[in-house]
Amino acid sequence: MSGRISPSFRRRRLGRRLQQLRERSGLSLDEAAPRLEKTRSSLHRIEKGETRADVHLIKSMMDLYDHFDPELLALARDAAKQGWWRQFGPDGQGYVGAETEAAAVLEFGGLNTPGLLQTEDYARAILSVGPRKTEERLHNDVTVRMIRQQRLTDREHSLRLTAIVDEAALHREVGSREVMRSQLRHLVEAAELPTVTLQVLPLRSGAHDSMTGGFIVLTFPDEEEADLLYISHVAGSLHVENPEQLHTAKLTFNRLRSQALPPSDSAALILRLAEERFGSS
């Protein structure tokens with residue numbers, strides 16, 4: 001795995017398409033670069049999504065590769081646009097942009113409740129820990145998280161979430177007893193959405209395959225688009241596209257699902273904890 005911050009999702013997708021176009025034309029990087037008045041390294045960075053290609057360069061590429069594809073021009077224009085989240089500050093190291101383009105999310109939250117299922121008060125309590133933030137930055141981070149959740153109920157651009165929550169996360173008091181009680185009730189309400197499947201990994205299940213922490217797998221509507229594994233850690237995050245590592249992550253997720261309670265039993269457990277653990281004193 002590489003700890004390098006993921007490039008823009010849109011640039012990465014455009015770069016992959018440009019690489020495929022070059023390879024189909026039978027040209028190597030060394031052959032194509034000088035004919036495009038680029039160095040080999042600069043063309044390589046464009047194909048990896050690390051550098052943006054403008055419309056004029058892409059037109060030159062299509063001429064050189066003898067293949068006109070208007071969708072590439074649309075991708076280039078999209079890649080040049082700032083995502084909606086940019087107005088709120090940093091992009092969460094590329095994750096928000098990728099999730100915005102995704103069709104489905106598989107998430108094991110570890111000791112956290114998945115961000116897509118958090119209440120505003122719970123999100124604020126979670127995001128306020130760690131490196132000190134200004135009130136404006138904290139407000140913006142919470143706002144982005146709330147906006148992301150809208151896709152769970154968006155009929156035109158919906159997002160499918162399959163989430164596994166460790167029961168330990170449901171016992172930890174975050175914010176206050178009232179915040180936790182509202183959060184647990186919100187989980188049950190969210191689980192009733194047709195786009196959400198929520199299961200709880202019970203404490204009694206003992207050790208499991210992801211004791212080291214949570215992870216997310218994103219899948220995309222375009223079948224040619226590679227899935228993305230996202231892992232957050234204390235110093236940043238990892239964005240992984242390696243097929244073998246993605247396969248391992250999906251197998252791990254499926255094993256966790258088999259250990260977790262069914263959705264109906266999960267909802268019953270969450271409601272019971274809301275009243276017994278965080279109910280009125």
Side-chain angles (χ1 to χ4, degrees), residues 1-7 9 90-99 102 104-118 122-123 125-131 133 141 144-145 148 159-175 180 183-184 187 190-191 196-220 226-263 265-266 269-270 273 277:
M1 293 183 184
S2 169
R4 181 175 59 83
I5 292 176
S6 173
F9 176 85
D91 174 12
Q93 298 186 334
Y95 176 79
V96 177
E99 185 191 82
V105 177
L106 305 178
E107 178 168 359
F108 172 59
L111 293 180
N112 292 309
T113 298
L116 289 169
L117 300 178
Q118 293 178 3
Y122 184 95
I126 286 287
L127 292 169
S128 65
V129 300
K133 298 179 180 179
D141 287 350
V144 168
R145 188 158 295 187
R148 286 168 51 207
L159 182 67
R160 174 75 194 180
L161 171 65
T162 303
I164 303 171
V165 177
D166 195 312
E167 184 184 344
L170 306 178
H171 285 268
R172 182 176 297 277
E173 185 173 319
V174 174
M180 283 303 301
Q183 174 60 60
L184 296 186
L187 286 177
V196 175
T197 300
L198 175 63
Q199 293 178 252
V200 174
L201 189 64
L203 291 173
R204 67 170 184 269
S205 64
H208 56 75
D209 286 353
S210 194
M211 297 289 289
T212 54
F215 62 92
I216 298 172
V217 176
L218 300 177
T219 61
F220 303 92
D227 293 347
L228 179 66
L229 169 63
Y230 176 83
I231 304 170
S232 180
H233 57 81
V234 68
S237 62
L238 299 173
H239 299 71
V240 182
E241 292 181 333
N242 179 279
E244 291 184 4
Q245 293 171 331
L246 274 162
H247 181 66
T248 298
K250 290 177 182 178
L251 286 178
T252 299
F253 190 83
N254 287 335
R255 285 195 292 267
L256 291 172
R257 285 200 72 181
S258 68
Q259 289 180 268
L261 298 173
D265 293 347
S266 297
L269 172 60
I270 294 170
L273 286 175
R277 178 84 170 83

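Remember, predicted model here, so these are calculated numbers, not experimental data. Note that the numbering runs from 1 along the sequence shown for the chain.
- Rounded to the nearest 0.5 angstrom, Leu161 CG and Glu107 CD are separated by 6.5 Å.
- With contacts defined as side-chain heavy-atom distances shorter than 4.5 Å, the pair Leu261/Gln199 does not qualify.
- Judged purely by atom type and a 3.5 angstrom limit, Lys250 has no side-chain atom pairing as donor or acceptor with the backbone of Leu106.
- The closest side-chain heavy-atom distance from Leu251 to Arg255 is below 4.5 Å.
- With a 4.5 Å cut-off on side-chain heavy atoms, Gln259 and Ile164 do not count as touching.
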Test side-chain contact (heavy atoms from CB on, under 4.5 Å) applied to Leu201 and His208, step by step: CA-CA 9 Å; Leu201 189 64; His208 56 75; 3.4 Å; yes
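- Atom NE2 of His247 has 12 or fewer neighbouring heavy atoms from other residues, nucleotides or ligands inside a 6.0 Å radius.
- Looking at every heavy atom in both residues, Leu228 comes nearest to Ala98 through CD2-CB, 3.7 Å.
- At a threshold of 4.5 Å between non-hydrogen side-chain atoms, the residues Thr197 and Arg160 count as touching.
- Considering only heavy atoms from C-beta on, Glu167 comes within 4.5 Å of Leu269 through its side chain.
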Distance-only check: which donor-acceptor pairs under 3.5 Å involve side-chain atoms of residues 108-118, not counting sequence neighbours?
from, atom 1, to, atom 2, distance (Å)
Thr113, OG1, Tyr122, OH, 3.3
Gln118, OE1, Arg145, NH1, 2.9
Gln118, NE2, Thr113, O, 2.7

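- To the nearest 0.5 Å, the span separating CG on Asp166 from NE2 on His171 amounts to 9.5 Å.
- For the atom pair OG1 (Thr252) and CG (Leu229), the distance works out to 9.5 Å, reported to the nearest 0.5 Å.
- Put simply, CD1 on Ile126 and OG on Ser128 are 8.0 Å apart, with the number rounded to the nearest 0.5 Å.
- Scored by the salt bridge (charged side-chain N to carboxylate O under 4.0 Å, His left out) test, Glu99 finds Arg148 as partners (sequence neighbours excluded).
- Taking the side chain as every heavy atom from C-beta outward, Tyr230 and Leu218 never approach each other to under 4.5 Å.
- By the salt bridge (charged side-chain N to carboxylate O under 4.0 Å, His left out) test, Arg277 is found to be paired with no residue, residues two or more places apart in sequence or in another chain being considered.
- Looking only at side-chain heavy atoms (C-beta outward), Phe215 and Ser210 come within less than 4.5 Å of each other.
- Looking at Ile270 and Leu198, their side chains come closer than 4.5 Å, going by heavy atoms from C-beta outward.
- The line from CG of Asn242 to OG1 of Thr248 is 8.5 Å long, rounded to the nearest 0.5 Å.
- The nearest pair of heavy atoms linking His233 to Leu238 is CD2-CG, 4.0 Å.
- Residues Thr162 and Phe253 come closest through the heavy atom pair O-CZ, 3.4 Å.
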